[in-house]
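The structure appears right after this line, and notes come after that.
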Amino acid sequence: MIREACEVFKMVQKSDDLKNFFENFMEKDSLFVDKKVLQINYTPSKIPHRAEQIDMLANVLAPSLKMEKPSNIFIYGKTGTGKTLTVNYITSQLSEVAKQKNLPLVFVYVNCKLKRVADTEYRLIAQIAKELNTNIPATGLPTDEVYKIFINLVDKEKILLIIVLDEIDQLVKKIGDNLLYNLTRLNAELKNSEISIVGISNDLMFTDILDPRVKSSLSEEELVFAPYDATQIQDILRERGKAAFKKNTIKEGVIEKCAAYAAREHGDARRALDLLRVAGELAERKGSTQIGIEDLDYAEDKIERDKVLDVVRTQPKQFQLTLLSILNLYEKNNGLDVYTGDIFEIYRDLCEKAGLATLTQRRISDIICEFDMLGIIHTKVISKGRYGRSRQICLSIPQSTIPKIKEILKEGLNL
DNA sequence: CGAGATTCATGTGAAGTATACCTTTAGGCTTAA
DNA sequence: AAGCCTAAAGGTATACTTCACATGAATCTCGTA
């Protein structure tokens, strides 16, 4: 959204019409009353259809208000089932109560998926420390030194620290469960304070890959978020839609269609909300006063594109170059026979053109793997018998987004 | 014809290297007594 | 003499490279029917 605003901004600037633009912008009748309500990080005052989970989680965490260490808890559920939302809701309530009563209760939330923020053991601890207002250098310290700093920080005075690790499955898949073992042992090192861990995982099978010792101590309690069904999503959309839009903005049947779209994808409420918001934005830009079903279709397309585009944009240069090579080859071969070796050759040429150092094929192989993890491509190692063995790659993004992605990549790489 | 050997291109793990950054320490310089 | 600054020394994490070995089915080889 901001990006779009900037684009519009640039255009307007070019036509030397800036003042006019702002005036129009202010005067223009918006469909929205409060757009925040539909944004993903918004926490509503009540969460429909999650009473059971809220209850359970609140029960588990409640002892913290008596300064007793709550059990560690693990939360499972697919994306958009309200895990993060529920946890945020409860932790913010708890910390408010704690503040009122002057209890040394501290919550820290870390999303473990973020690249270059919390994707290694070192960085995760550093990130938690940062949330506690202590900066730990990005590199240079031994990992156990980082732990020591962290322990001193927490143990300085008696506090009860509750760490929320979102998307922890991603991190463990990447660096192993040793990290979790260290975290659980942390309490033994602490004299004054105590730490509880709330793990959030998208992968329902996650604990299967954990060491039994880690598993038993970390998931003392477990909580599952089942996907919402279509009517539940409708409720959510109505509730939020009421707060976000002006009256009578949403046409008949839009909510239902929106819910149906989302229910198709394992009941992803986040997606449904996104859909509604973007549809609203599109309708607004079109100048209409109501959101119709046709806006939803455009919105769906746009969301899908934006999501991928954002991921692509934030990748490091070498990753972008690799992706561009994949796309080029993909187009050349009509989506057939895309293998590592050929990609590497194209990549090497592109490196030269882009004036970047060429990485080895070994590394490119790993980078391709990481794109697989990101869900941009899908890979399969196949044996071609006499002709060796290779990784077969297919794109898992819609065809329509390819030109746009290429554009972004070329821009980012000065090609 | 078919079982076993061969082959190829690359997957994959382990160990090594370069880089960027950290803390510690020792020496030199400045300052104030 | 004490205090402060700086540069060198010694150390680490991370991204990447190098090396060496593993894979696995198409193809080849050769004995057998």
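Just so we're on the same page: letters track the sequence lines, and every chain starts at 1. This is a predicted model, so every value here is computed, not measured.
Distances were taken from every side-chain heavy atom of A/T139 (C-beta onward) to each of B/dG11, B/dC22, C/dA13; the shortest belongs to C/dA13. With distances taken from any side-chain atom of A/S383 to the nucleotides C/dA25, B/dT12, C/dC16, the minimum falls on C/dA25. Considering only side-chain atoms of A/P142, the nucleotide from C/dT18, C/dT12, B/dC22 that sits closest is C/dT12. Comparing B/dG11, C/dA26, C/dA25 by their closest approach to the side chain of A/Y387 singles out C/dA26. Checked against C/dT18, B/dG11, C/dA13, the side chain of A/T143 finds its nearest nucleotide in C/dA13.
Residue A/T379 is classed as having no contact, given no heavy-atom separation below 4.0 Å to the nucleic acid. Contact annotation for A/T340: backbone-only contact, meaning every heavy-atom pair under 4.0 Å involves sugar-phosphate atoms and none involves a base.
To the nearest angstrom, C1' of B/dC22 lies 19 Å from OH of A/Y147. Summarising the geometry, the separation between CZ on A/R362 and C1' on C/dA15 is reported as 12 Å, rounded to the nearest angstrom. Note: CG (A/L179) to P (C/dA13) measures 14 Å, nearest angstrom. One can place CD1 of A/I175 at 12 Å from P of C/dA15, the figure rounded to the nearest angstrom. In this structure, A/I364 atom CD1 and B/dT12 atom P are separated by 15 Å, rounded to whole Å. The separation between A/R363 atom CZ and B/dT10 atom P is 19 Å, rounded to whole Å. Taking atom NZ of residue A/K115 and atom C1' of nucleotide C/dA15, one finds them 11 Å apart after rounding to whole Å. Here C/dT12 presents its C1' atom at 14 Å from CD1 of A/I136, a figure rounded to the nearest Å.
A salt bridge links A/E331 with A/K406: the closest approach of a Lys/Arg side-chain nitrogen to an acidic carboxylate oxygen falls below 4.0 angstrom.
Note that the CG atom of A/L190 and the CG atom of A/L161 stand 9.0 Å from one another [nearest 0.5 Å]. Going from atom OH of A/Y339 over to atom CG of A/L336 covers 8.5 Å, rounded to the nearest 0.5 Å. The distance from atom NZ of A/K173 to atom CG of A/D169, rounded to the nearest 0.5 Å, is 5.0 Å.
An OP1 or OP2 oxygen of C/dC16 is reached within less than 4.0 angstrom by no side-chain nitrogen or oxygen of A/T360. Of the side-chain N and O atoms in A/R116, none sit less than 4.0 angstrom from OP1 or OP2 of C/dT14.
Judged by atom type and distance alone, A/R386 does not reach the base of C/dG24 through any side-chain donor-acceptor pair under 3.5 Å. For a distance-only test at 3.5 Å, the side chain of A/R389 qualifies as a donor-acceptor partner of the base of C/dT23.
Using the six-membered ring where Trp is involved, A/H49 and A/Y228 have ring planes that are perpendicular, over 60° apart on the 30 and 60° scheme.
Between A/L141 and A/K384, it is A/K384 whose nearest contact on DNA chain B lies nearer the 5' terminus.
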